Amino acid sequence: IGSIKDYTLVECFRTHEGKRQLLLGMKKRGFGVGKWNGFGGKFDAGETVRDCALRELEEESGLVPERMEWRAQLLFTFRDSGKLMRVHVFAAEGFAGEPVETEEMAPRWFDVDAIPYAEMWHDDTFWLPRFLAGERFEGWFDYAAGGEATNRVLAHEVVP
Ligand code: 6U4
Ligand code: NA
Ligand code: NA
């Protein structure tokens with residue numbers, strides 16, 4: 001078993017013309033490139049989970065939320081590398097302006113009934129519907145060898 005690396009992930013919501021929407025970013029570089037993803041990343045030294053989430057969201061989208069709450073913790077295992085990732089997931093809401101495209105992400109709002117699951121991490125299909133329903137939970141996702149390229153979860157568990 002390798003060492004655990006911590007990451008944050010922020011899912012941003014708004015109500016637009018009467019419809020509930022989720023902000024996703026098309027990742028332009030690094031881990032998850034070519035997939036629609038929430039915003040987040042690795043911790044700076046000494047940073048709290050919440051500070052990391054807010055900093056990464058602003059760096060990658062230009063957005064600062066009025067409200068943000070912790071909602072989920074996800075653990076990822078990867079069969080080939082033995083790498084362990086722990087992702088702290090927040091729900092954020094209340095934005096003054098529109099998100100901007102950055103070096104890392106091209107943002108787009110999606111209606112919550114039209115999430116592009118086929119172009120996302122496979123694990124999202126298992127937990128994002130519960131997240132959209134407002135649940136809090138912990139999840140474990142065991143990725144097949146080839147992790148990013150194969151994008152196949154072989155086993156998973158999601159518990160309240
Ligand atoms: P750089 O490129 O150094 O600025 P940084 O933004 O610090 O990177 P990054 O983007 O590599 O970190 O972090 C990975 C991001 O992807 C985090 O927000 C967590 C998220 N993430 C990782 N695995 C995921 C998965 N299987 N499903 C998912 N989001 C995942 O939905
Ligand atoms: Na990132
Ligand atoms: Na980043």
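All of these numbers come straight from a predicted model, not from anything done at the bench. Just so you know, ligand 1 is whichever comes first in the structure, and atom 1 is the first atom listed for that ligand.
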So is Lys83 actually on top of Phe78's ring, under 6.0 Å and inside 45° of the axis?
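Output yes; distance and angle both within limits.
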Note on the Na ion (ligand 2): protein N/O/S atoms within less than 3.0 Å are Gly40 O, Glu60 OE2, Glu104 OE2
Salt bridge or not between Asp142 and Arg79? Use side-chain N to carboxylate O under 4.0 Å.
yes
Let me know which of Phe76, Phe126, Trp127, Phe31 forms a ring pair (Phe, Tyr, Trp, His ring centres under 6.0 Å) with Trp121.
Phe31
Can you name the one residue among Glu101, Glu60, Glu104 that meets salt bridge (Lys or Arg N to Asp or Glu O under 4.0 Å) with Lys27?
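Option passing the salt bridge (Lys or Arg N to Asp or Glu O under 4.0 Å) with Lys27: Glu104.
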Among Leu24, Asn37, Leu23, find the residue that satisfies the side chain to side chain contact (heavy atoms under 4.5 Å, CB included) test when tested with Glu11.
Leu24
Could you pull out every N or O of ligand 1 that sits under 3.5 Å from a protein N or O, with the distance for each pair?
residue	atom	partner	partner atom	Å
ligand 1	2 (O)	Arg29	NE	3.4
ligand 1	3 (O)	Lys42	NZ	3.2
ligand 1	4 (O)	Arg29	NH2	3.1
ligand 1	4 (O)	Glu104	OE1	3.4
ligand 1	6 (O)	Gly40	O	3.4
ligand 1	6 (O)	Glu56	OE1	3.3
ligand 1	6 (O)	Glu60	OE2	3.1
ligand 1	6 (O)	Glu104	OE2	3.2
ligand 1	7 (O)	Lys42	N	3.0
ligand 1	7 (O)	Glu56	OE2	3.4
ligand 1	8 (O)	Lys42	NZ	2.9
ligand 1	10 (O)	Lys27	NZ	3.0
ligand 1	10 (O)	Glu104	OE2	3.0
ligand 1	12 (O)	Lys42	NZ	3.4
ligand 1	18 (O)	Thr8	O	2.7
ligand 1	18 (O)	Gly40	O	3.4
ligand 1	18 (O)	Gly41	N	3.4
ligand 1	26 (N)	Asp123	OD1	2.7
ligand 1	27 (N)	Asp123	OD1	3.0
ligand 1	27 (N)	Asp123	OD2	3.1
ligand 1	29 (N)	Asn37	OD1	3.3
ligand 1	31 (O)	Asp124	OD1	2.7
ligand 1	31 (O)	Asp124	OD2	3.4

Glu59: side-chain hydrogen bond (donor to acceptor under 3.5 Å, both in side chains) partners, not counting sequence neighbours:
Arg55
Do other residues, nucleotides or ligands put more than 12 heavy atoms under 6.0 Å from Lys28 NZ?
yes
Please determine, by modelled atom types, if Asp123 and Tyr143 share a side-chain donor-acceptor pair under 3.5 angstrom.
yes
Only counting residues at least two apart or in another chain, list the ones meeting ring pair (Phe, Tyr, Trp, His ring centres under 6.0 Å) with Tyr117.
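Residues passing ring pair (Phe, Tyr, Trp, His ring centres under 6.0 Å) with Tyr117: none at all.
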